[in-house]
J.: 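The structure that follows is given in the form of structure tokens.
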Amino acid sequence: MRISVIGVGYLGAVHAAAMADLGHTVVGVDVDEAKIAALSEGRAPFFEPGLPGVLASALGSGRLSFTTDFAAVAGAQVHFVAVGTPQSAGSDAADLRFVDAAFASLLEHVAPGEVIVGKSTVPVGTAGRLAELVEERVPGATLAWNPEFLREGFAVQDTVSPDRLVYGVPAGPRGERAVRVLDEVYASAVAAGTPVVVTDYATAELVKVAANAFLATKISFINAMAEIAEVTGADVTQLADAIGHDARIGRRFLNAGVGFGGGCLPKDIRAFSARARELGHGESVRFLDEVDKINLRRRERVVELVREEAGGLEGVRVAVLGLAFKPHSDDIRDSPALDIAVRLAEGGAVVTATDPEAVPNARRRAPQLVYADSAMEAARDADIVVLITEWPEFRSLDPRELGDRVKVRTVIDGRNTLDPHTWRTAGWTYHGLGR
Ligand code: UGA
């Protein structure tokens, strides 16, 4: 099929490359010239395992191209819109500027019979509004909403083999045709038995935010238990293992620690709350405000622990291990790690931070911190080591070797990922969160 992808940020770049790799002919369009130049040369503008390989093979096949010229979408049977919907400056609501601009430019080049597919995460009701716009501008073109559930770090795998596909389509023959077109786009996943949920626009939009809200709630639930564990002497990791054995609860996303960050979970729950308030039903999801607060409290807790352990922050040398919001990513958007590092520095600590991939991004955002190339280097003469992003290279650190580098053997394990016994045996004072 001939496909266009509007917006080649995280979601769009992976989608475009993966679709071309599956055999479709794809053009990716973006207003960001630097991004288009990098992708055209086969360079991924962000760290995502697997993407460079897929990008190289898709570009090599001649089926994938990138441009800033919207006219290049002409002739595609399907147009995916994958632009970002960040949090608005000054409010919790989603900023739909990029979505609106993408539709305005795209609709100049869409022809009747073609299908426009929204992938961006939008407040419920947006697709209905955009469908009216499509009908007005290009009668005979159809809008579908097809939310994306990919995880950073596993983006290629999640795009090619998703857990499920959700198609929000209008009722009637046009919707049926959109379903056939999407089934053709995702032919390999459909053939592999991926569940397909065909529904209306509002449900499709809500599935996405509900999924992220559930995941955020699960993480804040276990972090709330961690707060209680901390004052009772219980161990939240054992608690998570024990309740996780119940298949109805499940162990995944029950890792207590510094909580969730990134470009999705935090802004999505806030936008969901804001949208519910607009609909006059703020109380239905008011618990999400609490989920957000619990999450942010955990970051403060780490700062407090450092202060308690070191007897204040002024002049304390802190080695911060991890800057990305999670391992296998260089993404520092709303990263608990970077947030904690900055708060420690603001409190007067001398912070040396490291991360296998996120240092360049962090350096741009927080030039006031000192950056190191490795954990061993960051830990030199440290009064305290704080592990915040659980990269494999940090999890497998040898406590004896690291112990020789630091001034004081105190470690705060912000992800409960180290073995307390091993570290204590090596002479360290170990603090987890909620254990
Ligand atoms: C999340 C969702 O998992 C994806 O399904 C969704 O498509 C994506 O948002 C999106 O909306 O685009 P992602 O932001 O890549 O994906 O990250 P997650 O793997 O969900 O992790 C989010 C945060 O939660 C990370 O900071 C992670 O460290 C934290 N986390 C995760 C915990 O604190 N505890 C856990 O048990 C699991």
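As the structure lists them, so they are numbered: ligands from 1, and atoms in each ligand from 1.
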J.: Considering both backbone and side-chain atoms of Asn255, is one of its nitrogen or oxygen atoms within less than 3.5 Å of a nitrogen or oxygen in ligand 1?
T.: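 N/O-N/O distance under 3.5 Å: yes.
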
J.: Any salt bridge (Lys or Arg N to Asp or Glu O under 4.0 Å) involving residues 89-99? Give me the pairs, sequence neighbours left out, ordered by first then second residue.
T.: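 Qualifying pairs, neighbours excluded: Asp92-Arg277, Asp95-Arg97.
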
J.: Between Tyr430 and Arg435, is there a side-chain donor-acceptor contact under 3.5 Å, judged purely by atom types and distance?
T.: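 There is such a pair (donor and acceptor under 3.5 Å, judged by atom type) between the side chains of Arg435 and Tyr430.
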
J.: Counting neighbours of CZ on Phe149 that are heavy atoms of other residues, nucleotides or ligands and sit closer than 6.0 Å, is the number greater than 12?
T.: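 Check passes, neighbour count above 12.
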
J.: Identify every side-chain donor-acceptor pair in residues 291-298 under 3.5 Å, counting partners at least two apart or on other chains, and give the distances.
T.:
{"from": "Asp292", "atom 1": "OD1", "to": "Arg270", "atom 2": "NH2", "distance (Å)": "3.1"}
{"from": "Asp292", "atom 1": "OD2", "to": "Arg270", "atom 2": "NE", "distance (Å)": "2.8"}
{"from": "Asn295", "atom 1": "OD1", "to": "Phe260", "atom 2": "N", "distance (Å)": "2.7"}
{"from": "Asn295", "atom 1": "ND2", "to": "Phe260", "atom 2": "O", "distance (Å)": "2.8"}
{"from": "Arg297", "atom 1": "NE", "to": "Glu227", "atom 2": "OE2", "distance (Å)": "2.8"}
{"from": "Arg297", "atom 1": "NH2", "to": "Glu227", "atom 2": "OE1", "distance (Å)": "2.9"}
{"from": "Arg298", "atom 1": "NH1", "to": "Glu230", "atom 2": "OE2", "distance (Å)": "3.0"}
{"from": "Arg298", "atom 1": "NH2", "to": "Glu230", "atom 2": "OE1", "distance (Å)": "3.1"}

J.: Going by heavy atoms, is Thr121 under 4.0 Å from ligand 1?
T.: no

J.: Return the closest protein heavy atom for atom 1 (C) of ligand 1 as residue, atom name and distance.
T.: Leu265 CD1, 3.6 Å

J.: Taking only heavy atoms of Leu254 into account, list the atoms of ligand 1 that are under 4.0 Å away from them.
T.: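 By the 4.0 Å cutoff, the relevant atoms are 36 (O).
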
J.: So is Cys264 in contact with ligand 1, going by heavy-atom distances below 4.0 Å?
T.: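 Yes, Cys264 has heavy atoms under 4.0 Å from ligand 1.
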
J.: Between Tyr167 and Asp183, does any side-chain donor sit less than 3.5 Å from a side-chain acceptor?
T.: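 Yes, a side-chain donor-acceptor pair sits under 3.5 Å.
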
J.: Look up atom OG1 in Thr417 and atom CG in Asn255, then write down how far apart they are to the nearest 0.5 Å.
T.: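 If I round to the nearest 0.5 Å, the distance is 8.0 Å.
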
J.: Can you list the ligand 1 atoms lying under 4.0 Å from a non-hydrogen atom of Asp268?
T.: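 Answer for ligand 1: 11 (O).
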
J.: If you measure from the Lys or Arg side-chain nitrogens to the Asp or Glu carboxylate oxygens, is any gap between Glu148 and Lys119 under 4.0 Å?
T.: yes

J.: May I ask you to identify the nearest protein heavy atom to atom 5 (O) of ligand 1, giving residue, atom name and distance to one decimal place in Å?
T.: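 For atom 5 (O) of ligand 1, the nearest protein heavy atom comes out as Phe149 O, 2.9 Å.
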
J.: For the residue pair Tyr186 / Asn146, report whether a side-chain donor-acceptor contact shorter than 3.5 Å exists.
T.: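 Yes, a side-chain donor-acceptor pair sits under 3.5 Å.
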
J.: Is Leu150 close to ligand 1, meaning an N/O of one under 3.5 Å from an N/O of the other?
T.: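 In this structure, Leu150 places an N or O atom under 3.5 Å from an N or O of ligand 1.
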
J.: Distance only, no hydrogens: is a donor on one side chain within 3.5 Å (strictly under) of an acceptor on the other, for Asp235 and Thr237?
T.: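 Present: a donor and an acceptor within the cut-off.
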
J.: Can you check side chain to side chain contact (heavy atoms under 4.5 Å, CB included) on Leu321 and Val385, steps first, answer last?
T.: CA-CA 7 Å; Leu321 309 189; Val385 175; 3.8 Å; yes

J.: Do ligand 1 and Ile219 have nitrogen or oxygen atoms that lie under 3.5 Å from each other?
T.: no

J.: Given Lys326, Glu390, Arg333, Arg251, which has its nearest heavy atom closest to atom 19 (O) of ligand 1?
T.: Lys326

J.: Please confirm whether Gly259 approaches ligand 1 to less than 4.0 Å, judged on its heavy atoms.
T.: yes

J.: For atom 29 (C) of ligand 1, find the nearest protein heavy atom and state the residue, atom name and distance (0.1 Å precision).
T.: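 The closest one turns out to be Phe260 CA, 3.8 Å.
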
J.: Starting from atom 20 (O) of ligand 1, what is the nearest protein heavy atom, named by residue and atom, and what distance separates them?
T.: Phe253 CZ, 3.3 Å

J.: Would you call Asp158 a ligand 1 contact, heavy-atom distance under 4.0 Å?
T.: no

J.: Classify the contact between Leu215 and ligand 1 as side chain, backbone, both or neither, using a heavy-atom distance cut-off of under 4.0 Å.
T.: side chain

J.: Consider ligand 1: state whether an atom of it lies below 4.0 angstrom from any non-hydrogen atom of Lys208.
T.: yes

J.: Counting from 1, what ligand 1 atoms have a heavy atom of Glu148 closer than 4.0 Å?
T.: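 Selected atoms, number and element: 7 (O).
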
J.: Quick one: which of Arg415, Lys267, Glu152 has a heavy atom closest to atom 15 (O) of ligand 1?
T.: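 The option holding the nearest heavy atom is Glu152.
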
J.: May I ask you to decide if Ile384's main-chain N or O and Glu309's side chain share a donor-acceptor pair within less than 3.5 Å?
T.: no

J.: Mind checking whether Phe325 has an N or O less than 3.5 Å away from an N or O of ligand 1?
T.: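 Between Phe325 and ligand 1, an N or O pair is found under 3.5 Å apart.
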
J.: Between Thr68 and Glu33, does any side-chain donor sit less than 3.5 Å from a side-chain acceptor?
T.: no

J.: Below 3.5 angstrom, do we get any N/O pair linking Asn212 and ligand 1?
T.: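 Yes, Asn212 has an N/O under 3.5 Å of an N/O on ligand 1.
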
